[in-house]
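Down below is the structure, laid out as structure tokens.
These numbers come from the heavy atoms of this one structure, side chains and all, not from hydrogens, waters or symmetry mates.
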Amino acid sequence: MKCAADFRYIAREVLRGKWMVAVIAGLVAFMLGGLGSEGPEVKLNIDMSGANVNFEIAGQTILSSNGALNDRLGMILAGSAIYIALIAIVMAVVYFVLGSVVEVGYDRFNLALVDRSEAKIDMLFTYFHNWKTTAAAKFLQSFYILLWSLLFIIPGIIATYSYAMTGFILAEHPELTASEAIARSKEIMSGNRFRLFCLQLSFIGWSILCTLTLGIGNLWLRPYKQAARAAFYREISGTEV
């Protein structure tokens with residue numbers, strides 16, 4: 001049975017000579033919500049004194065605009081709040097679906113790395129034909145984790161680790177339903193939840209160092225962690241090549 005150091009070693013070996021494509025793939029996945037990150041957002045705040053518009057990517061403000069409004073324009077914009085809210089909801093749903101597709105595609109990319117086959121960035125978008133299943137799986141995972149978290153924080157954490165391999169399973173078995181993929185993840189994670197926790201914890205030192213680089217180091221840490229996670233999946237699923 002492999003330990004965290006073994007999975008990290010495998011990750012380093014499979015990334016050798018492929019760091020550039022892995023960094024780009026990880027960055028694209030991050031920006032498009034494939035890693036549970038915040039994607040591009042336009043935030044608009046309107047009151048009678050003025051309007052503030054911020055364009056954010058991954059939680060960081062890229063552009064910001066402030067302006068005073070005359071009374072008439074302020075009333076018109078304030079009255080349009082319902083339409084702005086509807087547009088925001090539609091954008092959130094679209095981004096959620098896109099993120100679910102990219103998440104499974106990114107898992108497929110990392111499995112290709114671990115299998116030492118050709119890993120291409122366009123793998124991130126190969127599951128659009130299966131968007132209903134990927135979106136349903138992401139929604140059900142979030143919903144179940146929320147329900148378990150309402151009982152107490154520990155059951156919520158356990159549920160999070162139980163469902164952690166769902167994306168890898170859908171990447172290899174797109175014919176499964178969302179519920180079937182989640183159930184299979186629970187099955188293979190039984191007895192392995194603490195091992196995954198230890199694997200994630202083993203990167204804590206690198207995560208601390210990345211904070212000293214203002215997050216730039218995450219460009220390399222992200223593919224390192226995800227490749228190790230893919231190697232972990234290969235071992236617990238019994239599909240190592």
Side-chain angles (χ1 to χ4, degrees), residues 21-43 55-59 83-115 117-149 156 159-189 196 222-223 225-227 229-230 232-234 236-237 239:
V21 66
V23 166
I24 294 173
L27 180 60
V28 172
F30 175 77
M31 300 295 283
L32 297 181
L35 290 172
S37 62
E38 295 182 10
E41 292 183 296
V42 176
K43 294 185 177 179
F55 179 66
E56 299 183 0
I57 295 180
Y83 301 106
I84 295 174
L86 289 174
I87 293 173
I89 291 173
V90 171
M91 290 179 64
V93 171
V94 170
Y95 184 69
F96 178 85
V97 172
L98 176 62
S100 70
V101 171
V102 172
E103 182 176 346
V104 175
Y106 189 46
D107 285 340
R108 175 68 265 177
F109 173 89
N110 283 287
L111 287 175
L113 282 176
V114 171
D115 296 341
S117 58
E118 188 174 7
K120 299 180 179 179
I121 295 177
D122 60 10
M123 287 180 171
L124 273 62
F125 309 102
T126 57
Y127 291 90
F128 272 110
H129 68 283
N130 209 31
W131 68 269
K132 292 181 181 179
T133 301
T134 60
K138 189 170 184 177
F139 173 79
L140 288 176
Q141 288 178 78
S142 301
F143 181 67
Y144 293 154
I145 291 170
L146 174 61
L147 290 182
W148 282 110
S149 298
T160 300
Y161 280 96
S162 294
Y163 310 146
M165 298 295 109
T166 302
F168 289 117
I169 293 168
L170 283 177
E172 290 201 295
H173 305 283
E175 73 281 0
L176 296 178
T177 66
S179 295
E180 289 171 340
I182 291 173
R184 188 169 296 187
S185 177
K186 289 174 61 179
E187 179 182 347
I188 65 175
M189 283 299 291
L196 179 57
R222 187 177 300 119
K225 292 168 67 174
Q226 295 301 318
R229 192 164 165 266
F232 176 83
Y233 167 77
R234 277 286 179 243
I236 67 170
S237 64
T239 56

Apply the test side chain to side chain contact (heavy atoms under 4.5 Å, CB included) to residues Phe125 and Leu32: give CA-CA distance (whole Å), side-chain angles for both, the deciding distance (0.1 Å), then the verdict. CA-CA 11 Å; Phe125 309 102; Leu32 297 181; 3.6 Å; yes
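- Annotation: the span from Ser185 atom OG to Ile169 atom CD1 amounts to 4.5 Å, rounded to 0.5 Å.
- Every residue meeting the side-chain contact (heavy atoms from CB on, under 4.5 Å) condition with Ile121, not counting sequence neighbours, appears here in chain and number order: Val21, Ile24, Ala25.
- Atom CD of Glu175 has more than 12 heavy atoms from other residues, nucleotides or ligands within 6.0 Å.
- In this structure, Arg234 pairs ionically with Glu172, as a charged nitrogen and a carboxylate oxygen lie closer than 4.0 Å.
- Counted within 6.0 Å of CZ on Phe139, heavy atoms from surrounding residues, nucleotides or ligands total 12 or fewer; the atom is thus considered open.
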Going through the distances and angles, do Arg184 and Met165 end up as a side chain to side chain contact (heavy atoms under 4.5 Å, CB included)? CA-CA 8 Å; Arg184 188 169 296 187; Met165 298 295 109; over 6 Å; no
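- Cation-pi contact between Lys138 and Phe96: present, with separation from the ring centre below 6.0 Å and deviation from the ring axis of at most 45°.
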Worked verdict on Leu98 versus Phe128 for side chain to side chain contact (heavy atoms under 4.5 Å, CB included): CA-CA 8 Å; Leu98 176 62; Phe128 272 110; 3.5 Å; yes
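- The ring-ring contact (aromatic ring centres under 6.0 Å, His included) check on Tyr106 picks up nothing, with sequence neighbours excluded.
- Considering only residues two or more places apart in sequence or on other chains, Thr177 meets the side-chain contact (heavy atoms from CB on, under 4.5 Å) condition with Ser179, Glu180.
- A cation-pi arrangement is present between Arg222 and Phe30, with the terminal nitrogen or guanidinium carbon under 6.0 Å from the aromatic centre and inside a 45° cone about the axis.
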Please report the C-alpha distance between Tyr233 and Asp107 in whole Å, then the side-chain angles of each, then the deciding distance to 0.1 Å, and finally whether the side chain to side chain contact (heavy atoms under 4.5 Å, CB included) criterion is met. CA-CA 10 Å; Tyr233 167 77; Asp107 285 340; over 6 Å; no
